[in-house]
Amino acid sequence: MTENEANSPVTAEEFNELLRVRREKMAALQERGIEPFGHRFDMTHHLQDVVESFSDLEGQAVKVAGRIMAIRGHGKTSFVDIIDLSGRLQSYFRKDVIGDDGYETFRLLDIGDILGIEGIVFKTKTGEVSIKVSSFVLLSKSLRPLPEKWHGLKDVELRYRQRYVDLIVNPEVRQNFVLRSNIIKSLRCFLDDRGFLEVETPMMHPIAGGAAARPFITHHNALDMKLYMRIAPELYLKRLIVGGLEKVYELGRVFRNEGISIKHNPEFTMVEIYQAYADYQDLMQLTEQAIAKIAMDVLGTTKITYQGQEIDLTPPWTRMTMSEAILKYSGIDFAQVENIEQAREIAKKLHVDFNKQDGIGKILNNVFEEICEKNLIQPTFIIGHPKEISPLAKSNKDNPEITDRFEAFIFAREMANGFSELNDPIDQKERFIKQVAERESGDDEAHMMDEDYVTALEYGLPPTGGLGIGIDRLVMLLTDSASIRDVILFPHMRQRD
RNA sequence: GAUCCACUAGCUCAGUAGGUAGAGCACCUGACUUUUAAUCAGGGUGUCGAUGGUUCGAGUCCAUCGUGGAUCACCA
């Protein structure tokens, strides 16, 4: 049935049998004076509490609420499974307890209906903790049938489009999203404990900066101006460090107008963290400590299994420069490269693509991505990124062609990216100018000029370490989810019709 | 954007060689006062993703389109 039909006052004949029967039952309940959509209910326990506290609760009256997931009828008695967020509990309806009238009402209930139940806690002869219903109240009539009880909802398209159904029938999906919430809670706790200040900066930017990505474009009517949905909060957060806030973080959504895949959603959640007077080494430590602490909080261990692969998140993680990684996985020493011809030669030899205008740094990065990334299963910090691909990172003191930057890889995926922030306004302006030139020569992911950001740096940005962690990918890792869509409640889908 | 795969009842799936559309669960009728995938007897509830085409005849073959998935490209 289409949404149109669901919202229009159709006659019963237009529904299929399953929908029609439920509406007829709703009407029958109303005829018996029962309101099919209730108001509130005071429960004394969640369902799992009843099971866990059975020895204390046996023989006592409790009030619980939940959704009917199974009905096993036996004539004048019935066993009814109900679920809430905490778990499942069996309830036992008896005609001689709730009366003829109550039992007639009970028989108008369906799988999917939401009930409030008052009854006595007991154990059945097969040993299952149950509640003998002394009274019940319909809290919400369900007008649509739920998917099958033991296969659940498998169709991934329906699972994403109708996540509410997915959440009802697939308990592990519910658990994953509870875990996601716990991960974020744990991260906040970690940062708050270390004196970081949580801040909120604009999501709509006049200039999209802080990352290399194509932005979504929107428009403000009253100001009649073009605005970009933010691709990163970075430049605003560093303005706050200029302003003296010292240790800040922002946890929130960013938007990138790019392809959708198992690892990419157009909007995703990241945390960016900035710490004045720190450098990339400090932030590397912070990264491994944060992720290990989160894993400990939500899973109770730093040794996890992702897609069948054992991964040990215990710090310290391996540290390796980009060139070292290339040497390790290809046997070629890229650090010896002195000119662009040599770099191109290596790329050709390793069958790595590059563009004519790419410099040594970009080719180095291409080679790394092509040859090394797939090998970085255990947590690994890659450091020594070329300046060419790091327009916001501070150059290394000893080798100005590379930056004091790191990326954390786990299971061949970039999980975090951080660096000592470039705080030299003159250097920053030059790098912006280079980015603008790249933009003009067709790279629509290159940075735009942000004059105000340069002005902020001119007031003085203390030496600062910065870090971004992709929360969705972290949640994927800790929930053993193969697709980012499994950790985003409502992943983006093409509109139907 | 490219390639491959999928789309059949509310859900999970079968459908042989092109010949009247199937099963389990759910649902409906009846029996049943401790079941738990309850059981027993009976009932099939359908725009086979859409539109064309081939054919006496299409769920099945062909074409186009739609939606989704996987891989690739882009990216985090």
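A quick note: this is a predicted structure, and the numbers were derived from the prediction, not measured. Chain A is the first sequence line, chain B the second, and so forth, proteins listed ahead of strands; every chain is numbered from 1.
- When heavy atoms are screened at a 4.0 angstrom cut-off, A:Asn265 is found touching base atoms of the nucleic acid.
- Heavy atoms of A:Arg413 sit nowhere under 4.0 angstrom from any nucleic acid atom.
- Look at A:Asn16 and you won't find any side-chain N or O under 4.0 angstrom from OP1 or OP2 of B:U45.
- Between the CD1 atom of A:Ile262 and the C1' atom of B:G69 there is a distance of 10 Å, given to the nearest Å.
- Side-chain contact annotation: A:Tyr103 with A:Ser78, donor-acceptor N/O pair under 3.5 Å present.
- A:Phe93 comes within 4.0 angstrom of nothing in the nucleic acid, heavy atoms only.
- When Watson-Crick and G-U wobble pairs are counted only if both distances are under 3.5 Å, B:G18 pairs with no nucleotide at all.
- If you take atom P in B:C56 and the same atom in B:A26, they sit 46 Å apart, rounded to whole Å.
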Heteroatom pairs (N/O) under 3.5 angstrom, protein to nucleotides 12-15 of chain B:
| from | atom 1 | to | atom 2 | distance (Å) |
| --- | --- | --- | --- | --- |
| B:U12 | OP1 | A:Lys154 | N | 3.0 |
| B:U12 | OP1 | A:Asp155 | N | 2.8 |
| B:U12 | O4' | A:Glu148 | OE1 | 3.4 |

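- Of the charged side-chain nitrogens involved, at least one lies within less than 4.0 Å of a carboxylate oxygen, so that A:Arg88 and A:Asp81 count as a salt-bridged pair.
- Considering only the side chain of A:Ser261, B:A73 comes nearest among B:A73, B:U35, B:C27.
- For the C1' atoms, the distance from B:A23 to B:G15 is 10 Å, rounded to whole Å.
- One interatomic measurement links the two molecules: CG of A:Leu143 to C1' of B:G10, which rounds to 14 Å at whole-angstrom precision.
- Pairing for B:U67 is with B:A6, a Watson-Crick or G-U wobble pair whose two hydrogen-bonding atom distances lie under 3.5 Å.
- When distances run from any side-chain atom of A:Glu258 to the nucleotides B:U33, B:C28, B:A76, the shortest one goes to B:A76.
- Between A:Pro145 and A:Glu370, it is A:Pro145 whose nearest contact on RNA chain B lies nearer the 5' terminus.
- Using atom P as the reference point in both B:G46 and B:G22, the two lie 14 Å apart (nearest Å).
- In this model, no side-chain donor or acceptor of A:Thr77 finds a partner on the base of B:U34 within 3.5 Å.
- Residue-level contact check: A:Lys95 touches neither bases nor backbone, having no heavy atom under 4.0 Å from any strand.
- Comparing the C1' positions of B:G24 and B:C65 gives a spacing of 34 Å, expressed to the nearest Å.
- Between the A:Glu258 side chain and the A:Arg214 main chain, a donor and an acceptor come within less than 3.5 Å of each other.
- Counting distance only, with no hydrogens placed and no angle test, the side-chain atoms of A:Gln90 and the base atoms of B:U35 include a donor-acceptor pair under 3.5 Å.
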request  = Check the pair A:Phe106, A:Leu115 against side chain to side chain contact (heavy atoms under 4.5 Å, CB included), reporting the backbone distance first and the verdict last.
outcome  = CA-CA 10 Å; A:Phe106 163 75; A:Leu115 286 188; 5.9 Å; no
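- Side-chain nitrogen and oxygen atoms of A:Arg473 include none within less than 4.0 Å of the OP1 or OP2 phosphate oxygen of B:A76.
- The partner of B:G1, taking Watson-Crick or G-U wobble pairs whose two distances both stay under 3.5 Å, is B:C72.
- Judged by ring centres under 5.5 Å apart and planes tilted less than 30 degrees, A:Phe268 stacks against the six-membered base ring of B:A76.
- When the P atom of B:C5 is taken as reference, atom CD of A:Glu157 falls 19 Å away, rounded to whole Å.
- Summarising the geometry, the separation between CD on A:Gln495 and P on B:G66 is reported as 15 Å, rounded to the nearest angstrom.
- Looking at A:Lys394 and A:Tyr280, their side chains never bring a donor and an acceptor atom within 3.5 Å of each other.
- The residues A:Lys238 and A:Glu272 are annotated as not salt-bridged, no charged nitrogen and carboxylate oxygen being separated by less than 4.0 angstrom.
- Toward the 5′ end of RNA chain B lies the nearest nucleotide of A:Ser483, the other residue of the pair A:Ala213 and A:Ser483 mapping further downstream.
- Taking the P atom of each, B:C4 and B:U64 are spaced 11 Å apart, rounded to whole Å.
- Pair assignment for B:U45: B:A26, on the basis of Watson-Crick or G-U wobble contacts that are both within less than 3.5 Å.
- Straight-line distance from the CZ atom of A:Arg494 to the P atom of B:G69: 10 Å, rounded to whole Å.
- Rounded to whole Å, the distance from CZ on A:Arg23 to C1' on B:C28 is 18 Å.
- A:Met493 comes within 4.0 angstrom of sugar-phosphate atoms only, judged by non-hydrogen atoms across all strands, and of no base.
- Contact annotation: A:Lys25 does not reach the phosphate of B:C27 (side-chain N/O to OP1 or OP2, under 4.0 Å).
- Not one side-chain nitrogen or oxygen of A:Arg72 sits closer than 4.0 Å to the OP1 or OP2 atom of B:U35.
- Of the candidate nucleotides B:G10, B:G68, B:A76, B:A76 has the atom lying nearest to any side-chain atom of A:Glu414.
- A:Asp113 places no side-chain N or O within donor-acceptor distance of the main-chain N or O of A:Lys141, the cut-off being under 3.5 Å.
- Partner assigned to B:C61 is B:G53, using Watson-Crick or G-U wobble distances below 3.5 angstrom.
- Side-chain contact annotation: A:Asp166 with A:Gln162, donor-acceptor N/O pair under 3.5 Å absent.
- Separating the CG atom of A:Leu477 from the C1' atom of B:A76 is a distance of 14 Å, rounded to the nearest angstrom.
- Candidate nucleotides B:C28, B:U67, B:A76 were compared by shortest atom distance to the side chain of A:Arg256, and B:A76 ranks first.
- With respect to A:Glu24 and A:Arg20, a salt bridge is recorded, a charged nitrogen being found less than 4.0 Å from a carboxylate O.
- Between B:U55 and B:C11, the two P atoms lie 36 Å apart (nearest whole Å).
- When the C1' atom is compared between B:U47 and B:G59, the two are found 12 Å apart, to the nearest whole Å.
- Using a 4.0 Å heavy-atom criterion, one finds that A:Gly259 contacts the bases of the nucleic acid, with or without backbone contacts as well.
- The backbone N or O of A:Val487 sits less than 3.5 Å from a side-chain atom of A:Arg180, completing a donor-acceptor pair.
- Across all strands shown, A:Glu445 has heavy atoms under 4.0 Å from sugar-phosphate atoms exclusively, and none from any base.
- No side-chain donor-acceptor contact under 3.5 Å links A:Asn170 to the backbone of A:Glu172.
- Remark: P of B:C32 and OH of A:Tyr103 are 11 Å apart, rounded to the nearest angstrom.
- If you check every strand for non-hydrogen atoms under 4.0 Å, A:Lys123 touches nothing.
- Checking A:Tyr160 against A:Asp155 by side-chain atom types alone, no donor-acceptor pair falls below 3.5 Å.
- Between B:G69 and A:Arg485, a contact under 4.0 Å exists linking OP1 or OP2 to a side-chain N or O.
- With both ends at atom P, the span from B:U45 to B:C28 equals 16 Å, rounded to whole Å.
- Between B:A26, B:U33, B:A70, one nucleotide has an atom nearer to the side chain of A:Lys149 than all others, and that is B:A26.
- Counting non-hydrogen atoms under 4.0 angstrom, A:Ala212 reaches the backbone sugars and phosphates but no base.
- One can find a donor-acceptor pair under 3.5 Å joining the base of B:U33 and the side-chain atoms of A:Arg94.
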